[in-house]
Amino acid sequence: MVQTSAFSLLIQNWYIENHRDLPWRNTDSPYFIWLSEVILQQTRVVQGLDYYHKFTRLFPTVHDLANASEQEILNTWQGLGYYSRARNLHKTAKHVDQQYNGVFPDSYKELLSLPGVGPYTAAAIASFAYNLPHAVVDGNVFRVLSRVFSVDTPIDSTKGKKEFSELADNLLDKTHPGRHNQAIMELGALVCSPKSPDCSSCPIEEICSARASGNQENFPVKEKKTKVRNRYFHFLLIEEKNKLVIQQRKGKDIWENMYQLPLIETPSPELNIEKSSFSEPMASYSHQLSHQKIHALFYKTPEIPKEVDVSRCRWIEKEELNDLPLPRLIDRFFEEQEQDS
DNA sequence: AATGCGGGGTC
DNA sequence: GACCCAGCATT
């Protein structure tokens with residue numbers, strides 16, 4: 001019999017008293033748990049909550065989700081970002097519905113094979129839904145463990161991922177893996193925060209190495225910084241009565257397959273084309289993504305200039321916009337047009 | 001091993 | 001601005 005670590009006992013007792021009441025913690029359904037985990041990938045709990053409610057309401061079973069169209073799913077996902085998650089959500093729903101008869105597999109290995117399910121999500125579903133002993137390693141876990149044990153191996157290196165994953169497995173309470181996993185993530189979210197962690201109310205302050213040396217803020221260590229490139233988008237509003245022209249984006253770029261206004265992208269801020277028929281820009285936004293800064297200008301013009309790829313353009317009724325998945329940038333443009341009119 | 005992929009919150 | 005968030009897929 002393996003003894004439960006002091007670390008695990010302390011965080012679990014803290015968790016029992018201090019955790020938030022979140023909807024996906026009140027279910028055993030692998031389907032709901034999977035939904036919540038995919039929604040929460042690189043996404044804060046407060047941002048994901050509304051989407052979790054929308055998805056469980058619109059698609060109460062994995063069969064409902066499997067039978068939905070990809071566009072319907074993307075449309076429900078609109079505004080949450082990382083849209084490949086929505087496409088993989090659909091793939092996995094269809095796979096589970098057809099190949100597993102609507103029942104999610106109950107082994108880590110099979111879970112890991114599902115589209116959009118990686119090591120973190122497979123461990124989360126395995127431990128929360130099936131009580132299997134797999135330790136989760138997410139951003140919270142990296143932070144808590146790097147501080148408690150003063151591990152300075154970069155978390156964005158292969159060596160670091162392996163090291164933290166082994167450490168997490170060694171600490172896991174194999175008799176309560178689900179609660180243990182919830183506890184370490186909740187501690188990272190509520191107490192052991194990136195900036196100004198609340199060490200004085202931490203249940204493991206006494207055994208925390210970084211706290212002892214006052215080094216909390218120096219963990220975890222990352223080796224790479226993300227660099228941002230600038231892009232210049234010129235969007236054209238071409239309308240007639242209740243119709244306007246929209247364009248579907250292509251693959252291998254941001255917002256794959258989503259809809260926007262006809263676009264001319266330029267390598268520099270200037271739009272050096274014959275644009276005598278263009279209005280002065282009616283709106284301009286800069287839109288910040290993780291790796292790109294989009295400088296967007298919106299013009300009114302009566303017809304489609306030759307610089308636009310018309311093969312992916314078509315006229316739609318303005319009302320149809322509600323049914324098309326739009327990037328936040330485009331959605332915001334229409335929102336503000338609405339207000340101004 | 002390195003890179004791309006959103007949108008929003010915090011300091 | 002810089003950093004982070006219940007990461008994953010692709011190259």
Side-chain angles (χ1 to χ4, degrees), chain A residues 19-20 22-25 33-52 74 77-89 91-92 111-128 134-144 154-162 164-165 168 178 181-190 192-197 217 219-229 231 249 251-258 285-294 325-332:
Chain A
H19 72 267
R20 294 167 290 182
L22 301 172
W24 46 85
R25 286 177 174 162
I33 290 170
W34 162 74
L35 262 183
S36 72
E37 292 304 337
V38 176
I39 288 171
L40 292 173
Q41 287 167 7
Q42 292 291 284
T43 304
R44 287 169 199 279
V45 165
V46 287
Q47 192 188 0
L49 262 175
D50 287 347
Y51 288 87
Y52 177 79
L74 262 180
W77 197 270
Q78 177 175 311
L80 196 52
Y82 285 162
Y83 297 94
S84 68
R85 288 184 292 171
R87 285 183 282 271
N88 284 331
L89 204 68
K91 282 185 201 163
T92 287
L111 289 166
L112 191 58
S113 76
L114 301 170
V117 175
Y120 164 78
T121 305
I125 300 172
S127 64
F128 299 153
H134 296 274
V136 294
V137 182
D138 74 334
N140 293 302
V141 175
F142 278 125
R143 194 166 55 251
V144 171
I155 61 173
D156 53 350
S157 66
T158 303
K159 183 163 177 280
K161 287 184 178 67
K162 185 167 182 289
F164 280 98
S165 163
N181 280 337
Q182 294 282 11
I184 188 168
M185 289 195 287
E186 192 76 336
L187 187 70
L190 299 185
C192 195
S193 45
K195 303 280 183 185
S196 317
E217 301 258 12
F219 294 96
V221 174
K222 256 180 129 173
E223 59 185 1
K224 301 175 191 67
K225 290 193 197 298
T226 60
K227 46 177 182 285
V228 176
R229 78 178 158 120
R231 296 178 74 176
R249 291 185 62 81
K252 302 295 174 200
D253 197 354
I254 55 172
W255 305 326
E256 180 179 347
N257 292 344
M258 296 175 74
Y285 308 111
S286 81
H287 187 75
Q288 190 72 52
L289 305 180
S290 299
H291 298 266
Q292 302 183 19
K293 184 169 185 171
I294 312 292
L326 308 175
R328 185 72 186 106
L329 172 64
I330 301 298
D331 191 34
R332 175 179 298 136

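Below, chains carry the letters A, B, ... as their sequence lines are ordered, and counting in each starts from 1.
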Base-contact (B) and sugar-phosphate-only (S) positions in nucleotides 2-11 of chain B, heavy-atom cut-off under 4.0 Å, - elsewhere: S--BBBBB--

Contacts of A:Leu187 that satisfy side chain to side chain contact (heavy atoms under 4.5 Å, CB included) - sequence neighbours left out: A:Ile11, A:Trp14, A:Val144, A:Val191, A:Cys202, A:Pro203, A:Ile204

Sugar-phosphate only, base, or nothing, as touched by A:Ser193 at under 4.0 Å among non-hydrogen atoms: nothing

Residue pairs fulfilling side-chain hydrogen bond (donor to acceptor under 3.5 Å, both in side chains) with at least one residue in residues 43-52 of chain A, sequence neighbours excluded: A:Thr43-A:Arg85

Consider side chain to side chain contact (heavy atoms under 4.5 Å, CB included). Of A:Leu74, A:Asn88, A:Ile254, which one does A:Tyr83 pass it with? A:Leu74

For A:Glu256, enumerate each residue passing the salt bridge (charged side-chain N to carboxylate O under 4.0 Å, His left out) test, keeping only those at least two apart in sequence or located in another chain. A:Arg87

Residue closer to the 5' end of DNA chain C, A:Leu40 versus A:Asn88 (nearest nucleotide): A:Leu40

So where does chain A start and stop touching DNA chain C, 5' to 3', when the test is distance under 4.0 Å to a non-hydrogen atom? C:dG1 to C:dT11

Applying side-chain hydrogen bond (donor to acceptor under 3.5 Å, both in side chains) to A:Glu217 and not counting sequence neighbours gives none

Could you tell me how far B:dG6 sits from C:dT10 if I compare only their P atoms? Round to whole Å. 14 Å

What does A:Val117 touch in the nucleic acid at a heavy-atom separation under 4.0 angstrom: a base, only the sugar-phosphate, or nothing? sugar-phosphate

5' priority, DNA chain C, between A:Pro115 and A:Trp24 [closest heavy atom]: A:Trp24

Given the P atoms of C:dA6 and B:dT10, what is the spacing between them in whole Å? 12 Å

Show the atom names and distances, to 0.1 Å, of all donor-acceptor pairs under 3.5 Å that link a side chain in residues 221-228 of chain A to residues at least two apart or in another chain.
residue	atom	partner	partner atom	Å
A:Lys224	NZ	A:Asp156	O	3.0

Taking side-chain hydrogen bond (donor to acceptor under 3.5 Å, both in side chains) as the test, write out the residues that go with A:Asn257, two or more places apart. none

Return the set of residues passing side-chain hydrogen bond (donor to acceptor under 3.5 Å, both in side chains) with A:Ser127 (not counting sequence neighbours), or none when no residue passes. A:Asn181

